K.L.:
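Can you keep this structure in mind? I'll have questions shortly.
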Amino acid sequence: MDGQHDGPQGDEFPKMISTQAEEFSRRLAAIGQSRLAAAAQAAVDGLHALIVELRPSGEEFRQAIDFLTEVGHYADARRQEWVLFADVLGVSSLIEDQNSPRPAGATPNTLAGPFYRADVPEMPLDGNISRDHKGEPLEVTGRIVALDGDAIGNAMVEIWQANAEGLYENQEPDRQPEFNLRGRFRTDQQGRFRFMTVKPKGYTLPSDGPVGQLMSALGLGLERPAHIHFRVSAEGFETLTTHVFDRSDPAIGRDAIFGVKSELMAEFRALPPNGGKRKHALDLNLVLCPQRRGETETSGRR
């Protein structure tokens, strides 16, 4: 927000819930309206309303300041506790929903998460993205189609996922091979893609920091149900970034970052054992939206 965009129309901000918020509004109005000013006023309005309702003591206020300070201490180049805080409050997911709306029938967009890599090499269809072959085999087949059901050939399908222990390759580079459980595939002329992998496991978000301690105090979990990430790009279509979730995962109804939607739940079907090893299959269609006027091919990428 650079303060240069127009804010809400009108001669003045509405009367606030406290004299301090009202004075803040008066000072902003004297400077001139902008999107930044509107955001600041909305934040002050909501914060003052919360304080008036809860009437925190001085000690409780200091505890809140200490919590926010501690969140900052856990934010650096390797870890972003502020992003985690936004995730578990549903803020990140809400912003994604607002910025990447999808019409009925299209696959919903979701957060990309922190583990995406753009440098994964392209592989032939039917390739195996499990480079260490640890876990129960999973055969994935799918189609990329438009809203009208027409196949989208030559679409780029990027995949990344956690392993059978719930860990991504870039979380443990000394234990997993480079690009493990990651792949890039081109769809055929019928929009189809196929690859082999292993069945992913769900995992728990970091709980050792202030956000984890807060969620524990609230009695809320940090679980993420098992899922596979997909990013699909094709000429003339909005880029789709999404998850496909294992509907049988016990945590499917309590995803810590609010990413689960009914359209994204799928069956990871059990197949007859192969050589004594359990095997699974996943079949899915991913539906793209036509690129909107004025948007670039990277629309929706985060």
Side-chain angles (χ1 to χ4, degrees), residues 1-77 79-103 108-114 116 205 209-211 213-215 218 220 238-239 241 256-259 261 289 291-302:
M1 299 176 182
D2 58 11
Q4 300 304 311
H5 300 88
D6 291 337
Q9 299 300 309
D11 294 333
E12 60 183 5
F13 289 101
K15 183 177 178 63
M16 295 295 108
I17 196 168
S18 70
T19 57
Q20 293 87 353
E22 188 172 1
E23 175 61 14
F24 186 83
S25 175
R26 186 194 66 77
R27 295 178 187 182
L28 281 180
I31 297 171
Q33 294 184 3
S34 67
R35 182 169 172 81
L36 177 61
Q41 186 60 69
V44 168
D45 186 16
L47 184 57
H48 282 239
L50 180 66
I51 291 169
V52 168
E53 179 179 354
L54 297 180
R55 300 182 65 85
S57 66
E59 175 60 26
E60 288 171 330
F61 177 57
R62 284 189 292 272
Q63 289 175 353
I65 295 297
D66 289 345
F67 168 76
L68 297 175
T69 301
E70 192 67 8
V71 171
H73 289 160
Y74 274 75
D76 56 32
R79 175 166 175 170
Q80 238 308 345
E81 195 82 353
W82 285 111
V83 173
L84 178 62
F85 194 27
D87 287 348
V88 300
L89 295 182
V91 172
S92 301
S93 181
L94 174 59
I95 289 174
E96 186 66 37
D97 287 346
Q98 290 182 330
N99 285 314
S100 302
R102 293 292 189 269
N109 215 71
T110 63
L111 294 167
Y116 170 75
L205 299 178
V211 172
Q213 293 167 11
L214 173 65
M215 299 302 282
L218 291 171
L220 299 175
E238 293 184 18
T239 296
T241 302
I257 71 169
F258 304 91
K261 297 176 171 62
C289 298
Q291 191 172 308
R292 286 173 284 192
R293 184 176 299 176
E295 292 191 339
T296 66
E297 289 185 13
T298 56
S299 173
R301 292 196 173 197
R302 289 179 46 140

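It should be emphasised that the depicted structure is a prediction, and the values quoted were computed from it without experimental measurement.
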K.L.:
Does atom CD of E59 have more than 12 heavy-atom neighbours, drawn from other residues, nucleotides or ligands, at distances under 6.0 Å?
P.N.:
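Atom CD in E59 is crowded, with more than 12 foreign heavy atoms closer than 6.0 Å.
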K.L.:
If you measure from OG1 on T110 to CD1 on I257, what distance do you get to the nearest 0.5 Å?
P.N.:
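Between atom OG1 of T110 and atom CD1 of I257 there are 7.5 Å.
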K.L.:
Regarding E22 and R26, does a basic nitrogen lie under 4.0 Å from an acidic carboxylate oxygen?
P.N.:
no
K.L.:
Give me the atom names and distance for the closest heavy-atom approach of K261 to P108.
P.N.:
CD-CB, 3.5 Å
K.L.:
What are the two closest non-hydrogen atoms of Y74 and P210, and how far apart are they?
P.N.:
CD1-CD, 3.4 Å
K.L.:
About how many Å separate CG of L84 and CG of L214, when rounded to the nearest 0.5 Å?
P.N.:
10.0 Å
K.L.:
With the side chain counted from C-beta on, respond yes when D87 and L111 share a heavy-atom pair under 4.5 Å apart, and no when they do not.
P.N.:
yes
K.L.:
Going from CZ on R27 to CD on Q41, what distance comes out if it is rounded to the nearest 0.5 angstrom?
P.N.:
11.5 Å
K.L.:
Are the side chain of S93 and the backbone N or O of F258 linked by a donor-acceptor pair below 3.5 Å?
P.N.:
yes
K.L.:
What closest approach, in Å, do H48 and Q20 show between heavy atoms, and which atom pair accounts for it?
P.N.:
CE1-CB, 3.6 Å
K.L.:
When you measure from the side chain of T69 to the backbone of I65, do you find a donor-acceptor pair of N or O atoms at a distance under 3.5 Å?
P.N.:
yes
K.L.:
Grab the two heavy atoms, one from A37 and one from L28, that are nearest each other, plus how far apart they are.
P.N.:
O-CD1, 3.5 Å
K.L.:
CD/E23 to OG/S18 distance, rounded to the nearest 0.5 angstrom?
P.N.:
10.5 Å
K.L.:
What are the two closest non-hydrogen atoms of V44 and F24, and how far apart are they?
P.N.:
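Scanning both residues completely, I find the closest heavy atoms to be CG2-CE2, 3.6 Å.
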K.L.:
Can you name the nearest heavy-atom pair linking G209 to R79, along with the distance?
P.N.:
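Distance-wise, the nearest heavy atoms are N-NH2, 3.6 Å.
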K.L.:
Distance check, rounded to the nearest 0.5 Å: E81 atom CD versus L68 atom CG?
P.N.:
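These two atoms lie 11.5 Å from each other.
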K.L.:
Nearest 0.5 angstrom please: I17 CD1 to L47 CG, how far?
P.N.:
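Atom-to-atom, I17:CD1 and L47:CG are 11.0 Å apart.
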